[in-house]
Amino acid sequence: MVIRIGLTGGIAAGKSTVSRRLGELGATIVDYDILARKIVEPGGAALPRIVEVFGDRAVGDDGTLDRAWLADQVFGAHADPRARQRLDAIEHPLIYQLAQQLDAEASHKDSNAVIIHDIPLLAEVIQDLPFRFDHIVTVEAPQDVRIGRMVRTRGMSQAQAQARIASQSPQSARMAIADVVVDATVDLPAMLARVDTLYAAWLGEAKA
C-alpha cells in the first residue's frame, strides 16, 4: 500500500536535509516550496491573482514576481496583518491541486510507494489538506541555532530571521501533530542514520 508521510519543521531547522535524504533513499518527494514557486512563475496561475490583490508593484520590470517586495508586505515590520491570509488564499488551493496530481502519479506508478509531503507550514494547514498521513515527522532545532543559520546562509538580518520564525506556528504546534521528531542538533551522520531507519520502517509498512 502507499504510505504517506507529512514532513515539516521550523524554518532553517534541517528539514530540507531530511527531505533530500529521503529522496536519495527512493521516496517520492512532493515539495510544497517548489510547488509554491511554480505557481508564481510567469504564466503561473497565481501571479495574475497576486497582482490583482497586491498591485502592480508585486511584479518587476522583467515580469517575474518581486519576492523581496512581497515578503516585506507579508512578513515585514509594517505588514498588514491580513496580507498573509490574502496571499495564502491565492496560493494554497493551487499548491494542493498540484500536490494531488503528483501524489496520484506516484501512487499509480508504484502501489507500494512512500510519498513524502514536504510542507513547511503543515501545522497551520493540516486541516485544509486533501490528504491524511500515516506518519508526521517534524525536524527541530533551537531557535537561536535557526536564526544563526538564516543570517549566515540566507543573507537575512537577525530581525528578518526572527520575523520569519514568528510568522510560523510555534514548535509546540508542530510537536502536537507529529508522531516522529528528528533532532537536527546531532551531528549529520547521526541524523541521516535516523532518517535511514525511519525510511526502512515505512518501506516495510508499504510492503506489508
Side-chain angles (χ1 to χ4, degrees), residues 4-20 22 29-40 46 50 53-54 58 65 67-96 98-99 116-133 135-186 191 195:
R4 289 181 180 85
I5 308 297
L7 175 63
T8 192
I11 185 171
K15 177 181 60 61
S16 296
T17 301
V18 171
S19 182
R20 185 163 52 250
L22 289 166
I29 309 297
V30 181
D31 187 326
Y32 284 48
D33 274 346
I34 290 176
L35 300 184
R37 289 194 291 271
K38 185 178 180 66
I39 63 172
V40 298
I50 290 172
V53 171
F54 290 92
L65 182 68
R67 295 179 183 279
W69 182 87
L70 186 61
D72 190 55
Q73 305 309 301
V74 176
F75 301 109
H78 303 291
D80 183 333
R82 297 164 296 179
R84 170 92 179 267
Q85 294 176 340
R86 290 197 289 263
L87 183 62
D88 288 349
I90 295 168
E91 294 186 338
H92 286 185
L94 298 170
I95 293 169
Y96 302 158
L98 289 178
I116 310 295
H117 288 257
D118 181 340
I119 311 174
L121 304 179
L122 180 56
E124 290 95 324
V125 303
I126 190 167
Q127 298 300 326
D128 301 324
L129 290 171
F131 302 102
R132 291 295 174 264
F133 301 113
H135 300 285
I136 294 178
V137 179
T138 186
V139 183
E140 297 296 339
Q143 181 169 311
D144 60 336
V145 172
R146 295 158 53 205
I147 289 173
R149 288 174 180 172
M150 283 187 276
V151 170
R152 286 194 311 274
T153 66
R154 305 190 186 191
M156 292 185 182
S157 68
Q158 185 149 338
Q160 288 172 325
Q162 288 171 330
R164 282 300 178 94
I165 287 176
S167 74
Q168 290 190 328
S169 60
Q171 179 178 339
S172 59
R174 295 189 295 272
M175 300 281 279
I177 64 169
D179 60 302
V180 178
V181 179
V182 173
D183 181 0
T185 63
V186 301
M191 187 175 78
V195 174

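Only this structure's heavy atoms are used, side chains among them; waters, hydrogens and symmetry mates stay out. In this text the structure is predicted, and so the values were computed from the model without any measurement.
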Considering all heavy atoms, the nearest A58-L65 contact: O-CD1, 3.4 Å

Smallest heavy-atom separation, A99 atom then Y32 atom, equals CB-OH, 3.4 Å

Heavy-atom check, side chain of K15 versus side chain of V137, under 4.5 Å: no

Quick check for you: to the nearest 0.5 Å, what is the distance between M150 atom CE and I165 atom CD1? 3.5 Å

Tested for side chain to side chain contact (heavy atoms under 4.5 Å, CB included) against I90, the lone hit among I39, I95, V53 is V53

Scanning both residues in full, the closest heavy-atom pair of D128 with Y96 reads O-CE1, 4.0 Å

Going through the checks in order, is the side-chain contact (heavy atoms from CB on, under 4.5 Å) test met by K38 and L94? CA-CA 10 Å; K38 185 178 180 66; L94 298 170; over 6 Å; no

Sorted by chain and number, sequence neighbours left out, side-chain contact (heavy atoms from CB on, under 4.5 Å) with E124 holds for R84, L121, Q168, S169

For L129 and I119, what are the C-alpha separation, side-chain angles and deciding distance, and is it a side-chain contact (heavy atoms from CB on, under 4.5 Å)? CA-CA 10 Å; L129 290 171; I119 311 174; 3.8 Å; yes

Atom of V139, atom of A184 and distance for their closest heavy-atom approach: CG1-CB, 3.8 Å

Step-by-step side-chain contact (heavy atoms from CB on, under 4.5 Å) determination, L87 to L70: CA-CA 9 Å; L87 183 62; L70 186 61; 4.1 Å; yes

Residues M175 and V181: closest non-hydrogen pair is SD-CG2, 3.6 Å

Could you check if a side-chain atom of L22 sits within less than 4.5 angstrom of a side-chain atom of I5, using non-hydrogen atoms only? no

Quick one: does T185's side chain have a donor or acceptor within less than 3.5 Å of a partner on A141's backbone? no

Could you give the distance from CG (L98) to CG (L35), rounded to the nearest 0.5 Å? 5.5 Å

CD1 on I29 to NE2 on H117, rounded to 0.5 Å: 10.0 Å

Interatomic distance, CD1@I116 vs CZ@F133, rounded to 0.5 Å, equals 10.0 Å

Are the side chain of R146 and the backbone N or O of I11 linked by a donor-acceptor pair below 3.5 Å? yes

Where S19 and L7 come nearest, the two heavy atoms and their spacing: CB-CD2, 3.7 Å

Under the side-chain hydrogen bond (donor to acceptor under 3.5 Å, both in side chains) definition, can you give me all pairs with a residue in residues 135-144, not counting sequence neighbours? H135-D179, H135-E205, T138-E140, E140-R174

